[in-house]
Amino acid sequence: MLKKWDVIIVGGGISGACAAISAARCGCKTLVVEQHGFLGGVLTAAGVGPMMSFHAGEKQVVQGIAGELIEKMKSNGKSTGHIFDTTGYTYTVTPFDAEGMKHELEKMLLESGGELLYHSFLAGVNMNGKEINYITVCNKAGVERLFAKVFIDATGDADLSAWSGVEYAKGRPSDGASQPLTANIKIRNVDINRIKEFIKANPADFPRLKGDVSLVDKAPRLSASGFIDEMKEARKMGEITFNRDNILFFETNNPGEVIVNTTRIQGYDSTDPWALTKAEIEGRRQARELEAFLKSRVAGFEQSIIQCTGYAVGVRSSRNIKGIYTLTAEDLFAGKQFDDVIAHGGYPIDIHAPSLEDNVDCKSIHFPYGHVYSIPYRALISNMVDNLIVVGRCISATFEAQASIRVSPISGAIGHAGGAAASIAVRDGVSVQSISTEKVQNILVSQGAYLELKK
């Protein structure tokens, strides 16, 4: 018997999960194919956190299903909700409990009528002209074919798109280098009050705060970026051998538990399994250096205990499809309005040094306070495949624009839109290029999404 659905989403990260929930709520028979045994992607598999940022100034520009997820977790004590970013970098951060997110996303999907297939990898794509006929997945049963009317690529690396023949770009135009990977480290038994005392006594060590150390008391969980002098001395002494000039960590929903986002794995291609394997090994090596460094040199970490590194390294960028429209940094800065707008954001352009030759650790370009930009539906589709929608960080965007839209709340909003669009294509029996974007917008608004529609 043919195993057939209306919509199949490959990848169960935040973008894929939001897409699946949206499509299923619209009445589509929906399946998520996920390589891990849980949903959430890098947020639950790679130890990435917190989510940042749902806001542009005081305005919450990411709502909808991603926003609903946080409200549900907040009501269950699994998230603080959106709180002030005490690093001084962006507007808000959203700490969460990773195990709670796994459960809540799964519950939301199943309650919507969606189905799950865990522990399954994309293994092939069968094309029939300009349509995907079926995909092949590999799992404990061997290989099997899965059919659908519409497919959604939520792999992050645009694997389904690339294998379907969709053109893509990878890395920055000058040399093809992508942003570095990170092995996040979750550490417990951290003395947060001692860290705050240190920050207040050493403001020069935390330049993002611009001297206003009182900011560390503005949120119920601490986010910190600094310890510049300590890192400089550790690198000088050979205790830290990778290319990073500061310590960045975020307290999770659980007091005294932090995620350290500091390793710097440069020069590895996340679409090459051999390179990705080496990156995992290098990430754990760097994590061991950081463990020793934090215990010996950073106030508040003396009695800390590493809980885990992620199940996988975190990937910031790799492939981006070449869609009908390519979103640019100029579009973001101009706040360009699109007739087919499906999501918004306000996060800065945040480019971590792609290679060892870069002399700036992190290039950040901030928008004016409260500035909102838009993302068009045309960036989620190409002219090459008629039943494929792309969501998450691998939509059609330039290297610089992708460095802003790649973060998890915005990826969730993009996924939400992709699921709604897929449901229209199924219901109306048309290609993803031919759907009414007004109908997509109506679904998004009905499902609680925030949209600034062009008048």
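Every value quoted in this text rests on a predicted model; they were computed, and no experiment measured them.
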*Taking atom types as modelled, find out whether Tyr118 and Glu106 have a side-chain donor-acceptor pair closer than 3.5 angstrom.*
yes
_For the residue pair Asp331 / Tyr325, report whether a side-chain donor-acceptor contact shorter than 3.5 Å exists._
yes
_Side chains of Thr87 and Val93 in contact at under 4.5 Å (non-hydrogen atoms)_ = no
*Nearest-0.5 Å distance, OG of residue Ser396 to CD1 of residue Ile324*: 9.5 Å
_Does Lys218 qualify as a cation-pi partner of Phe84, given the criterion of NZ or CZ under 6.0 Å from the six-membered ring centre and within 45 degrees of its axis?_
yes
*What pair of heavy atoms forms the shortest contact from Asn253 to Pro95, and how long is it?*
N-CB, 3.8 Å
*Output field: ring centroids Phe333/Tyr373 closer than 6.0 Å*: no
*asked:* Just so I know, are the side chains of Met101 and Met51 near enough to count as touching, which here means a heavy-atom distance under 4.5 Å?
replied: yes
*Salt bridge or not for Arg172 and Asp358, using N-O below 4.0 Å?*
yes
*So, Asp153 and Ser161: side-chain donor and acceptor under 3.5 Å apart, yes or no?*
yes
_Basic-acidic side-chain contact under 4.0 Å: Glu452, Lys59_ = yes
*Hey, are Asp157 and Arg319 close enough for a salt bridge, meaning a charged N less than 4.0 Å from a carboxylate O?*
no
*What's the shortest heavy-atom distance between Gly300 and Ile195, and which atoms?*
CA-CG1, 3.9 Å
_To the closest 0.5 Å, what do you measure between CZ (Phe206) and OG1 (Thr86)?_
10.5 Å
*Consider only side-chain N and O atoms of Tyr89 and Asp350, and report whether a donor and an acceptor are under 3.5 Å apart.*
yes
*Would you mind checking if Asp217 and Lys200 are paired as a salt bridge, meaning a charged N to carboxylate O distance below 4.0 Å?*
yes
*asked:* How long is the straight-line distance from CD1 of Ile187 back to OG of Ser304, given to the nearest 0.5 Å?
replied: 5.0 Å
*Establish, yes or no, whether a centroid distance under 6.0 Å links the rings of Phe38 and Tyr311.*
yes
*Answer yes or no: does atom NZ of Lys363 have more than 12 heavy-atom neighbours from other residues, nucleotides or ligands under 6.0 Å?*
no
*Is there a side-chain contact between Thr80 and Lys74 (heavy atoms, below 4.5 Å)?*
no
*In Å, rounded to the nearest 0.5 Å, how long is the span from CD of Glu230 to CZ of Arg297?*
8.0 Å
_When you compare the side chains of Thr241 and Glu289, does any donor N or O come within less than 3.5 Å of an acceptor on the partner?_
yes
*Once you round to the nearest 0.5 Å, how far does OG of Ser178 lie from NE2 of His352?*
13.5 Å
_Where Leu444 and Ala417 come nearest, the two heavy atoms and their spacing_ = CD2-CA, 3.6 Å
*Flag, side chain of Gln266 to backbone of Ala353, donor-acceptor distance under 3.5 Å*: yes
*State which residue, out of Ser408, Cys394, Ser411, fulfils the side chain to side chain contact (heavy atoms under 4.5 Å, CB included) condition with Ser15.*
Ser411
*Distance in Å, Gln307 CD paired with Thr252 OG1, rounded so as to fall on 0.5 Å steps*: 8.0 Å
_Note: Arg288-Glu291 ion pair, threshold 4.0 Å (strictly below)_ = yes
*Under a 4.0 Å N-O cut-off, is there an ion pair linking Glu302 with Arg194?*
yes
*Minimum-distance pair of heavy atoms, taken over all atoms of Val390 and Ile321*: CG2-CD1, 3.8 Å
*For the pair Glu239 and Arg235, find out whether any cationic side-chain nitrogen is under 4.0 Å from an anionic carboxylate oxygen.*
no
*Are the ring centres of His344 and Tyr450 closer than 6.0 Å?*
yes
*When the aromatic ring centroids of Phe301 and Phe293 are compared, is their separation below 6.0 Å?*
no
*Do the side-chain N and O atoms of Lys170 and Thr271 include a donor-acceptor pair separated by under 3.5 angstrom?*
yes
